[in-house]
**Q** 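Structure below; questions to follow.
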Amino acid sequence: MKRVVLRVFLGLGLILILAGAGGYILLRNSPAWDGLMLFSEGTRVENFRNLDALFPSDPVRRGTTVWALDEAPHSLPDGYEFEGENRNLAAFLDRTETTGLLVLHQGQIAHEDYRLGADETSLFTSWSVAKSMLSALIGIALEEGHIASIDDPVADYVGALDGSAYGAVPIRHVLTMSSGIGFDENYANPLSDVYRIFMSFSTGTPLAEVLAGYEAEREPGIYNDYISSDSLVLGLVLEGATGIGLADYAQTRLWAPMGAEADATWSRSVSGETIAMCCFNATLRDYGRFGQLYLQNGARDDVQIVPQDWIEASITPEAPHLQPGDNPASFWSFGYGYHWWIPEDPQGDYLAIGIWGQYIYIDPSREIVIVKKSADAGFDTRDHETVAAFRAIARHVAGG
């Protein structure tokens, strides 16, 4: 899985070296300095629960009622099977720099653990877990009639992309990371497209102006290639369709109706554009409530918040190039729905994933939701092992 934010800021480090002493002084006194230091060993854990204090953000406020989560404590398993051996779960949680772990079973808190200075009030950043939340908002906008069809081209809702390669792509193929757009995510190259995107956040260049510059590399809908520019396009589609800012739409359609217990925030660029690809900041329990909402087919009590048919479509790979396993038409072995991941050896479970070890895992058959927040330096190689650990937790807590 491509890890956008980490390598972006590592590349800023390269720029710093090349710029010399004068460049250092300028950078040290600019907002980019916070980005450069965001992932450093000494500050990473603290930064990941204070992103809204480091960068501009918009509030996503809770509503008047809270979705109560009763407690029904349960032990965790001692270990899990991975690559033919039994591994210790406690050691895995330590090794992956876990900052928060929440296990819900049948809507009750079976396990809750805060680590490395975090507590129940901490606003953990989502990284790309926000992409799955964005998917929920697209489904709501479709149900409300703001979006006529996900087979409509992007330009129907984002006039600034009319005539561009992105403008011609159906929303469906943006949702499945199958846009076919040529987007260079070469994080070792400070001149790559992904750097241009991140620089636009700090310079105030309109996002649509940047996205309009990309060309088609292949036909849409035939290859799954995870590029965060697709999520940024979805954010513009949502705002263009609804006429409402992304944070405000999330607040009124999802966060408040869901019964979040705390206000959240969503980071934005210096020009005020919400960063739709990442950077939602919320408590551990509220991420759990979002997962529970999906487990309950989009409903809280008798109120349908996310359409049930949208959830079903979101977690079902709808084409050959989106199927999990060894797939020559996909960049990775996990399957993909509408901004949700389906692990290998499908068991009906699915998950949202963000860099540095952020997860919301959902197992409908066992009525389990697991949220893991982390600052894991080895996250690039951990997704398969993490799913194995989650499956072991789900079996243990649910009793089989």
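Residue numbers start at 1 and run along the sequence shown.
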**Q** Check step by step if ring pair (Phe, Tyr, Trp, His ring centres under 6.0 Å) holds for Tyr336 and His321.
**A** CA-CA 9 Å; Tyr336 209 63; His321 68 284; 9.9 Å; no
**Q** Quick one: pull up CG in Asp286 and CE in Met258 and give me the separation to the nearest 0.5 Å.
**A**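 Answer rounded to 0.5 Å: 5.0 Å.
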**Q** Within 45° of the axis and under 6.0 Å from the centre of the six-membered ring of Tyr223, does NZ or CZ of Arg218 qualify?
**A**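 Yes, a cation-pi geometry holds between Arg218 and Tyr223.
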**Q** Quick check: closest heavy atoms across Gln304 and Asn297, and the distance to 0.1 Å?
**A**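 Taking every non-hydrogen atom into account, NE2-O, 2.6 Å.
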**Q** Heavy atoms only: give me the nearest Ile353-Asp383 pair and the separation to one decimal.
**A**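 It is CG2-OD1, 3.9 Å.
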**Q** To the nearest 0.5 Å, tell me how far Arg366 CZ sits from Ile393 CD1.
**A**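 Here the rounded value is 12.5 Å.
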**Q** Taking the side chain as every heavy atom from C-beta outward, state whether Tyr80 and His396 have any atom pair closer than 4.5 Å.
**A**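 No - every pair of side-chain heavy atoms lies 4.5 Å or more apart.
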**Q** Is it the case that the side chain of Trp266 and the backbone of Ile275 share a donor-acceptor pair, with hydrogens and angles ignored and the cut-off at 3.5 Å?
**A**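 Yes.
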**Q** Would you say the rings of Trp341 and Trp332 are close, in the sense that their centroids are separated by under 6.0 Å?
**A**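 Centroid distance Trp332-Trp341: below 6.0 Å, so yes.
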**Q** OG/Ser128 to CG/Leu134 distance, rounded to the nearest 0.5 angstrom?
**A**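 Between Ser128 OG and Leu134 CG, I get 11.0 Å after rounding to 0.5 Å.
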**Q** Treating His173 as the side-chain partner and Ser178 as the backbone partner, does any N or O pair qualify as donor plus acceptor under 3.5 Å?
**A**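 No, because the side chain of His173 does not come within donor-acceptor range (under 3.5 Å) of the backbone of Ser178.
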**Q** Gly139 and Pro307: which non-hydrogen atoms are nearest, and at how many Å?
**A**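 Heavy-atom minimum between the residues: O-CG, 3.7 Å.
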**Q** Should we say atom CD of Glu144 is surrounded by more than 12 heavy atoms from elsewhere, each under 6.0 Å from it?
**A**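 Atom CD in Glu144 is crowded, with more than 12 foreign heavy atoms closer than 6.0 Å.
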**Q** Assess whether atom CG of Asp78 is packed by more than 12 heavy atoms of other residues, nucleotides or ligands within 6.0 Å.
**A**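 Check fails, neighbour count at 12 or below.
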**Q** Ignoring hydrogens and angles, state whether a donor on the side chain of Thr43 or Ser40 is under 3.5 Å from an acceptor on the partner side chain.
**A**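 Side chains of Thr43 and Ser40: pair found under 3.5 Å.
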**Q** Can you find a pair of side-chain heavy atoms, one from Phe334 and one from His384, that are under 4.5 Å apart?
**A**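 Contact flag for Phe334/His384 side chains = yes.
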**Q** Return the CD1 to OG distance between Ile140 and Ser135, rounded to the nearest 0.5 Å.
**A**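 Rounded to the nearest 0.5 Å, the CD1-OG separation comes to 10.0 Å.
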**Q** If only atom types and distance count, is the side chain of Tyr361 paired as donor or acceptor with the main-chain N or O of Ala394 below 3.5 Å?
**A**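 Side chain of Tyr361 to backbone of Ala394: no pair is present.
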**Q** Please check this pair: side chain of Trp67 against backbone of Glu261, looking for a donor-acceptor N/O pair closer than 3.5 Å.
**A**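 Not at all, since once roles are kept as given, no pair shorter than 3.5 Å links the two residues.
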**Q** Evaluate the criterion side-chain contact (heavy atoms from CB on, under 4.5 Å) for residue pair Val233 and Leu207; output intermediate values, then yes/no.
**A** CA-CA 9 Å; Val233 167; Leu207 181 58; over 6 Å; no
**Q** If you look at every heavy atom in Ala212 and Ala160, which pair is closest and at what distance?
**A**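 Scanning both residues completely, I find the closest heavy atoms to be CB-O, 4.3 Å.
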**Q** To the nearest 0.5 Å, what is the distance between CG (Leu137) and CG (Leu238)?
**A**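 If I round to the nearest 0.5 Å, the distance is 6.0 Å.
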**Q** Just to verify, what does Glu71 make a side-chain hydrogen bond (donor to acceptor under 3.5 Å, both in side chains) with, not counting sequence neighbours?
**A**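 Testing Glu71 for side-chain hydrogen bond (donor to acceptor under 3.5 Å, both in side chains), a comparison that skips the adjacent residues, returns none.
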**Q** What distance separates Ser200 OG from Leu232 CG, expressed to the nearest 0.5 Å?
**A**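 Reported to 0.5 Å precision, the distance equals 8.0 Å.
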**Q** Is there a side-chain contact between Arg391 and Pro343, using heavy atoms and a 4.5 Å cut-off?
**A**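 With C-beta onward as the side chain, the pair touches.
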**Q** Is the gap between the ring centers of Phe92 and Phe82 under 6.0 Å?
**A**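 Centroid distance Phe92-Phe82: not below 6.0 Å, so no.
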**Q** Any donor-acceptor pair under 3.5 Å linking the side-chain atoms of Lys372 with those of Thr96?
**A**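 A pair is found: one side chain offers a donor N or O, the other an acceptor, under 3.5 Å apart.
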**Q** Under 3.5 Å, is there a donor-acceptor pair between the Asn224 and Ser330 side chains?
**A**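 Note: Asn224 and Ser330 side chains meet the donor-acceptor criterion.
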**Q** Evaluate the ring pair (Phe, Tyr, Trp, His ring centres under 6.0 Å) criterion for residues Tyr359 and Phe390: first the C-alpha distance (whole Å), next the side-chain angles of each, then the deciding distance (0.1 Å), finally the verdict.
**A** CA-CA 10 Å; Tyr359 300 93; Phe390 287 165; 5.6 Å; yes
**Q** So which pairs with a foot in residues 111-120 pass salt bridge (charged side-chain N to carboxylate O under 4.0 Å, His left out), sequence neighbours left out?
**A**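 Residue pairs with at least one partner in residues 111-120: Asp94-Arg115, Glu112-Arg285, Asp113-Arg115.
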**Q** Between Glu318 and Thr316 (side chain of the first, backbone of the second, donor and acceptor by atom type, cut-off under 3.5 Å), is there such a pair?
**A**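 Judged by distance alone, no pair lies under 3.5 Å.
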**Q** Identify the two heavy atoms, one from Arg300 and one from Pro257, that lie closest to each other, and give their separation to 0.1 Å.
**A**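 Taking every non-hydrogen atom into account, NH1-O, 3.1 Å.
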**Q** Could you tell me whether the side chains of Ser314 and Tyr294 share a donor-acceptor contact shorter than 3.5 Å?
**A**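 No - no donor-acceptor pair under 3.5 Å links their side chains.
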**Q** Verify the ring-centre separation between Phe379 and Trp127: is it less than 6.0 angstrom?
**A**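 Here the rings of Phe379 and Trp127 have centres that are no less than 6.0 Å from each other.
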**Q** Main chain of Ala375, side chain of Arg44: is a donor-acceptor contact present, judged purely on distance under 3.5 Å?
**A**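 The answer is yes, because a donor-acceptor pair under 3.5 Å joins these two groups.
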**Q** Can you find a side-chain donor-acceptor pair between Tyr249 and Glu239 that sits under 3.5 Å?
**A**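 Glu239 and Tyr249 do not have a side-chain donor-acceptor pair below 3.5 Å.
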**Q** What's the shortest heavy-atom distance between Asp52 and Ser57, and which atoms?
**A**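 Taking every non-hydrogen atom into account, CB-OG, 3.6 Å.
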**Q** In terms of side-chain geometry, is the basic nitrogen of Arg95 or Glu385 positioned less than 4.0 Å from the acidic oxygen of its partner?
**A**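 Yes, charged N to carboxylate O under 4.0 Å.
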**Q** Assess whether atom CG of Asp326 is packed by more than 12 heavy atoms of other residues, nucleotides or ligands within 6.0 Å.
**A**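 Incorrect, the count does not exceed 12.
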**Q** Sequence neighbours left out, what pairs pass salt bridge (charged side-chain N to carboxylate O under 4.0 Å, His left out) with at least one residue falling in residues 58-69?
**A**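 Pairs touching residues 58-69 that pass the test: Asp58-Arg268, Arg61-Asp263.
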**Q** Kindly say whether Ser149 contributes a backbone atom to a donor-acceptor pair with the side chain of Asp152 at under 3.5 angstrom?
**A**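 Answer holds: yes.
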